[in-house]
Amino acid sequence: MAEFTDQIRQTFDFHRLVFRIGELSSMTGVSARQLRYWEKKELIASREREDGQQARVYTFKTFIKVSMMKYFLDAGYTLAGAAKQAQAREENVKHIHRFVSTGMKGFAMIDSQMAINLGAFDDTQTLMALLPDDGPIHYKLLPNDEAQRLTDASRV
């Protein structure tokens with residue numbers, strides 16, 4: 001399951017996703033002209049292209065920021081206010097990304113349910129999130145060695 005866990009982490013590697021200005025405009029409903037203005041105001045930034053071309057490209061992180069700014073603009077905020085609200089929420093997104101990229105320790109089967117190994121709860125126990133096919137997620141503490149054994153047994 002270690003390979004699968006690495007694949008999941010790679011799936012959440014949003015640094016690899018880049019969009020041209022027209023694509024970002026189409027995906028967010030913000031005109032290319034507005035995007036250039038926001039970049040001029042240093043509210044967003046394009047990324048330098050590795051292929052040496054001059055056309056602007058934007059990261060997934062910028063896509064999220066532009067989407068949030070558009071949401072707040074549509075809700076009646078000024079551009080400065082929308083940018084401030086988006087920046088505040090970026091901190092939460094950063095923490096979520098950190099959790100997904102470092103917090104997941106693997107997968108296991110517990111009581112015929114898929115479980116995510118969320119890592120050490122304390123010195124002796126590991127927190128497992130049990131994911132039933134339907135209904136709420138349940139959490140279970142297992143001794144570290146048992147959690148490690150189940151996680152290792154589920155490796156593909």
Side-chain angles (χ1 to χ4, degrees), residues 1-21 23-30 35 38-39 42-51 56-75 77 80-156:
M1 200 60 82
E3 290 176 24
F4 182 69
T5 302
D6 290 340
Q7 289 172 346
I8 294 294
R9 286 189 179 125
Q10 221 173 10
T11 300
F12 287 101
D13 182 9
F14 298 120
H15 298 288
R16 298 180 306 144
L17 297 174
V18 293
F19 311 100
R20 293 184 306 247
I21 194 166
E23 293 170 321
L24 184 61
S25 174
S26 176
M27 292 177 349
T28 61
V30 176
L35 292 170
W38 293 1
E39 191 170 346
E42 298 182 350
L43 300 174
I44 62 171
S46 59
R47 182 169 129 185
E48 199 164 306
R49 290 182 62 153
E50 295 170 6
D51 59 8
R56 289 174 169 87
V57 291
Y58 298 91
T59 63
F60 185 78
K61 181 179 176 183
T62 302
F63 163 71
I64 296 296
K65 185 170 187 174
V66 169
S67 297
M68 285 191 288
M69 288 174 60
K70 171 85 165 95
Y71 170 82
F72 289 114
L73 284 169
D74 289 348
Y77 284 80
K84 185 176 180 178
Q85 291 294 321
Q87 180 66 37
R89 279 150 182 84
E90 262 187 290
E91 287 301 312
N92 292 339
V93 171
K94 182 174 74 172
H95 295 299
I96 291 168
H97 183 266
R98 180 172 165 248
F99 172 76
V100 169
S101 63
T102 62
M104 291 181 16
K105 302 299 180 193
F107 297 88
M109 291 301 290
I110 300 175
D111 302 329
S112 301
Q113 293 182 40
M114 176 60 76
I116 300 175
N117 181 331
L118 297 175
F121 179 75
D122 59 25
D123 291 342
T124 62
Q125 300 177 98
T126 297
L127 181 62
M128 304 294 286
L130 282 70
L131 311 168
D133 289 336
D134 56 7
I137 296 171
H138 299 281
Y139 298 91
K140 187 171 191 172
L141 288 170
L142 295 177
N144 287 338
D145 57 342
E146 182 181 350
Q148 188 62 52
R149 182 183 57 75
L150 289 171
T151 302
D152 289 344
S154 296
R155 288 196 172 137
V156 179

Enquirer: Check the pair Leu142, Ile110 against side chain to side chain contact (heavy atoms under 4.5 Å, CB included), reporting the backbone distance first and the verdict last.
Expert: CA-CA 10 Å; Leu142 295 177; Ile110 300 175; 3.7 Å; yes
Enquirer: Return the orientation label for the Phe72 and Tyr77 ring planes: parallel under 30°, perpendicular over 60°, tilted otherwise.
Expert: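 Answer is perpendicular, since the angle exceeds 60°.
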Enquirer: Report the distance from atom CD of Gln113 to atom CG of Leu130, rounding to the nearest 0.5 Å.
Expert: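 It comes to 5.0 Å.
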Enquirer: Salt bridge or not for Lys70 and Asp74, using N-O below 4.0 Å?
Expert: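 Salt bridge flag = yes for Asp74 with Lys70.
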Enquirer: Is any side-chain heavy atom of Leu118 less than 4.5 Å from a side-chain heavy atom of Phe99?
Expert: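 In contact.
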Enquirer: Shortest non-hydrogen contact from Ala86 to Met68?
Expert: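 Between these two residues, the closest heavy atoms are O-CE, 3.6 Å.
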Enquirer: Work out which heavy atom in Leu35 is nearest to a heavy atom in Ser25; give both atom names and the distance.
Expert: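 Nearest pair, atom of Leu35 first, then Ser25: CD1-N, 3.9 Å.
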Enquirer: Would you say that Met128 contacts Tyr139 through its side chain, given a criterion of any heavy-atom pair below 4.5 Å between the two side chains?
Expert: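 Of all side-chain heavy-atom pairs linking Tyr139 with Met128, none is under 4.5 Å.
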Enquirer: Mind checking whether Phe63 and Leu24 have side chains closer than 4.5 Å, heavy atoms only?
Expert: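 In contact.
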Enquirer: Start with the C-alpha distance between Arg47 and Arg56, add both sets of side-chain angles, then the distance that settles side chain to side chain contact (heavy atoms under 4.5 Å, CB included), and finish with yes or no.
Expert: CA-CA 7 Å; Arg47 182 169 129 185; Arg56 289 174 169 87; over 6 Å; no
Enquirer: Can you tell me if Lys61 uses its side chain to pair, donor with acceptor, with the backbone of Lys94 under 3.5 Å?
Expert: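 Flag not set: sc Lys61 to bb Lys94 has no pair under 3.5 Å.
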Enquirer: Any idea which heavy atoms bring Arg20 and Val57 closest together, and the distance?
Expert: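 It is CG-CG1, 4.2 Å.
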Enquirer: So, applying side-chain hydrogen bond (donor to acceptor under 3.5 Å, both in side chains) with Thr126, which one of Asn117, Asn144, Thr151 is it?
Expert: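 Among the candidates, only Asn144 passes.
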Enquirer: Grab the two heavy atoms, one from Lys140 and one from Asp111, that are nearest each other, plus how far apart they are.
Expert: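 Scanning both residues, the minimum pair turns out to be NZ-OD2, 3.4 Å.
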Enquirer: Indicate whether any N or O donor in one side chain lies under 3.5 Å from an N or O acceptor in the other, for Asp122 and Gln125.
Expert: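 Their side chains do contain a donor-acceptor pair, which is all the 3.5 Å distance test asks for.
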Enquirer: If I compare all heavy atoms of Tyr58 with all of Ala45, which pair ends up nearest, and what's the gap?
Expert: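 In terms of heavy atoms, the two residues are closest at CD2-O, 3.6 Å.
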Enquirer: Do you know the tightest heavy-atom contact between Trp38 and Leu73?
Expert: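 Smallest interatomic distance, heavy atoms only, reads CZ2-CD1, 3.4 Å.
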Enquirer: Which value, rounded to the nearest 0.5 Å, describes the distance between Phe60 atom CZ and Ser67 atom OG?
Expert: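 Here the interatomic distance stands at 8.0 Å.
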Enquirer: Answer yes or no: is there a side-chain heavy-atom contact under 4.5 Å between Arg89 and Gln85?
Expert: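 Heavy-atom side-chain distance check passes, below 4.5 Å.
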Enquirer: Is the number of heavy atoms from other residues, nucleotides or ligands under 6.0 Å of Asn92 CG greater than 12?
Expert: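 Yes, CG of Asn92 has more than 12 neighbouring heavy atoms, counting only those of other groups under 6.0 Å.
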Enquirer: Measure the spacing between OG1 of Thr62 and CE of Met69 and express it to the nearest 0.5 Å.
Expert: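 The OG1 atom of Thr62 sits 10.5 Å away from the CE atom of Met69.
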Enquirer: How far apart are the C-alpha atoms of Thr59 and Leu17, what are their side-chain angles, what is the distance that settles it, and do they pass the side chain to side chain contact (heavy atoms under 4.5 Å, CB included) test?
Expert: CA-CA 6 Å; Thr59 63; Leu17 297 174; over 6 Å; no
Enquirer: Between atom CD of Glu146 and atom CG of Leu141, what is the distance when rounded to the nearest 0.5 Å?
Expert: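 The CG atom of Leu141 is 11.5 Å from CD of Glu146, to the nearest 0.5 Å.
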